[in-house]
Q: 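Here it is, the structure, as structure tokens.
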6 protein chains.
Amino acid sequence: MSTKKFAKDSVTIMTEMVLPNDTNTLNNLMGGKLMHWMDVVAAIAAQKHSNRIVVTASADSISFKEPINLGNVVTLRSQVTRAFNSSMEVFIEVTAEDIPASKKIMTHRAFFTFVAVDHNSKPVRIPDLEPETPEEIELFEGALRRRQLRLVLAKRMKPEDAVELRSIFNLDITK
Amino acid sequence: MSTKKFAKDSVTIMTEMVLPNDTNTLNNLMGGKLMHWMDVVAAIAAQKHSNRIVVTASADSISFKEPINLGNVVTLRSQVTRAFNSSMEVFIEVTAEDIPASKKIMTHRAFFTFVAVDHNSKPVRIPDLEPETPEEIELFEGALRRRQLRLVLAKRMKPEDAVELRSIFNLDITK
Amino acid sequence: MSTKKFAKDSVTIMTEMVLPNDTNTLNNLMGGKLMHWMDVVAAIAAQKHSNRIVVTASADSISFKEPINLGNVVTLRSQVTRAFNSSMEVFIEVTAEDIPASKKIMTHRAFFTFVAVDHNSKPVRIPDLEPETPEEIELFEGALRRRQLRLVLAKRMKPEDAVELRSIFNLDITK
Amino acid sequence: MSTKKFAKDSVTIMTEMVLPNDTNTLNNLMGGKLMHWMDVVAAIAAQKHSNRIVVTASADSISFKEPINLGNVVTLRSQVTRAFNSSMEVFIEVTAEDIPASKKIMTHRAFFTFVAVDHNSKPVRIPDLEPETPEEIELFEGALRRRQLRLVLAKRMKPEDAVELRSIFNLDITK
Amino acid sequence: MSTKKFAKDSVTIMTEMVLPNDTNTLNNLMGGKLMHWMDVVAAIAAQKHSNRIVVTASADSISFKEPINLGNVVTLRSQVTRAFNSSMEVFIEVTAEDIPASKKIMTHRAFFTFVAVDHNSKPVRIPDLEPETPEEIELFEGALRRRQLRLVLAKRMKPEDAVELRSIFNLDITK
Amino acid sequence: MSTKKFAKDSVTIMTEMVLPNDTNTLNNLMGGKLMHWMDVVAAIAAQKHSNRIVVTASADSISFKEPINLGNVVTLRSQVTRAFNSSMEVFIEVTAEDIPASKKIMTHRAFFTFVAVDHNSKPVRIPDLEPETPEEIELFEGALRRRQLRLVLAKRMKPEDAVELRSIFNLDITK
């Protein structure tokens, strides 16, 4: 499949309300629940880009700073940043709001990767992604560095071969 | 609190059966659900080490290889690897089994960090961890490198200050 | 509170994947589950307009035509159409997609009303809504007719007093 | 199938306890959850009348008055009121109780319609319903007016053809 | 509290549809889920008799014979059989139906006991139960034998003191 | 299948955190939820012994003493005690902890039985169990008495034939 698709074609928005069973003893959203939602919203973006069944291949490291509270409204926005043969990187942004208090509480950023497969779970070729806006181009370019970091961390690439990753010591690898 | 605790004091085992709602169209466990379980089993290990309420601070990058199927039994084992003032790193190992087929299907390894807090969400000092077995010592020592990688990725440490992390280009940072 | 707000300020988008427990014996989404999602997405829009806790006051009649299948992605979009003192009407549009089949399956339209309340469940005054686009103006104007129909059906208004509703026999009351 | 069945043959009673995840910030049952329960109890009544798989065709407008609280016991009672070829109207009555306070809190009334289908989702002929008690006869007769209102609201009948519905301006259409 | 109440005052009926997540690999309802439903329907009957918060004290042995399938409608009926100071025995009958196949599949019978408590979890005196029908009288009389068996099994009564229970070797203790 | 297996081969550990939806009005874990967890952990032990699909055959009487609270960590440990042709008895021990309070709260003991079946739900022969430790031998020997009690209670054995059970009046049958 040689057609290209745009980042905007895969944008997916998911809104969740934090319910009692999603929270810990301090009435804060549990980290694992948020990762679960991230996986779902990212998988749908990957489906939209590839028009295929997709399976999660990896989740990049995520750091949780401020707590999200019971009753908050959590909005997750995902879009594909780059396609590599049969795999895609998806960028997820999360905001939480205490609406009655008119307070936007926090923002999370995360990257997941997915593989598009057929009904026998075999990887299939997917369209390339063509970035358009400056932000999309930045995400597209950073995707290569993040991919090398993933491969090194999963021990499937030797650190010395991670040419793009080297820039970690001069450049910002997480944006 | 100056007392030390051992890795074995925090060991937690969780067993889950993969139910229909946990799976995607291919009848495989969704990655986000597995991360949710990882967070719960790791949080309990962190509670056992600190005897405190704990909140998830970060999840290191996770890669998903072979699929886990509907009806499989998933066993998650967690233990604290090292304590740093008020935070802890927790190591999680996951195995999946198709018991009627006598088949142990796969193994995942992941690292999460937690902060111990009081009822006002303020971080509190926790006991140090003293590793005993060779494997615990290896996990304990690697914890420092992984911590520097986390801080660099979260942009809270400059790469040039990550002395331990440098070894990434010679040594294995993920074990 | 005399400030006005716009319809676009309350727009909320929710995306759900149809899971096994949401379906009947034919693997179709159960109507009651869809109404549950409609209520949640509409309540969040009402919260955004009023910056208040809101409680569901009514759901207008809903008709279900084509089935939504297991594995489909359901997108719900809600926005407030008009405010009346302490109550709001919210318009919900639902689309379902079978993404791997590149098929957009169906569209539902529904109207719910909500009352904004304080912590003692007492109704509170909310901002007026000012419609901007032609579609928003049409929804704003129809809100009065739908309100009279609701009051008549709930036996809180005599049919002969429902001046706007009379148009039912000449005009379209559902748009 | 020419056999007749009675309203009492389809009576279904469902009892639910309001749990934390069913409630909003004020600890009141969310409207959407109640509609979900209504759909389930009504679908079972429709199954009992038709001995078929049934799919929800419509839910009439519902108004929510007094709140139902966390811990309340909710009893839903459903029965078919009338059959039309392959579709049925089902009447649902809801009561909520705070049992330790010996307080019966509220009553909801709602009407849903269902279509009986075969395994290929094709509508199938169902038995007629023969009302027996005065209340069943009243529900049976009102079913025709409510059906015309549904068709007009769904734009599948012209208002001027809704002969029975005209009585709305003289008669009570909701009982 | 010296007032008497009747068995019929506590009758509670619960209807559940067997959903995918309630079933095992053979698409049969899991025993644990059925026990969960039994506990809920019995607790509500105990609440109705005592007008108090109740906590489960025991579940008598339950045997599962024929399987209940995915999509079956399960009806649970509970009623208090006898009151002892602050505790009550509740009898639960379960039937399962495959309605489209017009097949009533099976019947379970079980006994649970509950203690009525105040807000500090202290047991409180409850009304006596007065049986009316022959079946209620039989259940009322058997309650004493079943109570002695429970106490012996829980090692809170010596077998030689269980006068009523002795009849186990001549009489039927389970009815 | 003539091979023997050991009790330790079937040991299964499950850890659960008590969430809001698992609790009653007093914030205590509902008995039915605990029985549900017991059934799952015991079924997995039975699967491990038999390498077969298993269905619950019975649950012995369970008594609930001290309450388990919201936020407690519940650990369930199961192991097969004895095999009989195609059925197995499984022993379950439950402990609950309030970890931040360093308090181990309670212990439950229960016995469930399971039947191993093939894909047509026909019982299949399973390996014998060979007890090793003194505790395993005690559980193995008691299994015969408990089995007779189950058969008598289910009216599938006459009390006078329950030779082992007679010891109830001299010996402890529940250990």
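We name chains A, B, ... by the order of the sequence lines, and we start the count at 1 in each one.
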Q: What pair of heavy atoms forms the shortest contact from C/H36 to D/K33, and how long is it?
A: ND1-N, 3.7 Å
Q: Counting only heavy atoms closer than 4.5 Å, note whether D/V54 contacts chain C via side chain, backbone, both or neither.
A: backbone
Q: Who passes side-chain contact (heavy atoms from CB on, under 4.5 Å) against D/D60, sequence neighbours left out?
A: D/S58, D/F111, D/R146, D/R150
Q: Can you see which heavy atom on D/L26 is nearest to which on C/D118, and at what distance?
A: CD2-O, 4.1 Å
Q: Looking at side-chain heavy atoms only, is the closest gap between C/M30 and D/D39 below 4.5 Å?
A: yes
Q: Which atom names give the shortest non-hydrogen contact between C/L153 and D/S61, and what distance separates them?
A: CD1-OG, 3.4 Å
Q: Out of C/V55, C/I62, C/V40, return the one with the most heavy atom pairs under 4.5 angstrom to chain D.
A: C/I62
Q: Under a 4.5 Å heavy-atom cutoff, which of C/T56, C/N120, C/V115, C/L34 has the most pairs with chain D?
A: C/T56
Q: Measure distances from D/M38 to the heavy atoms of chain C and classify the residue's part below 4.5 Å as side chain, backbone, both or neither.
A: neither
Q: Can you tell me how far CZ of D/F64 sits from OG1 of C/T113, rounded to the nearest 0.5 angstrom?
A: 9.0 Å
Q: Which heavy atom in C/A59 sits nearest to a heavy atom in D/M35, and how many Å separate them?
A: CB-SD, 3.8 Å
Q: Residues in side-chain hydrogen bond (donor to acceptor under 3.5 Å, both in side chains) with D/K8, at least two apart?
A: D/E132
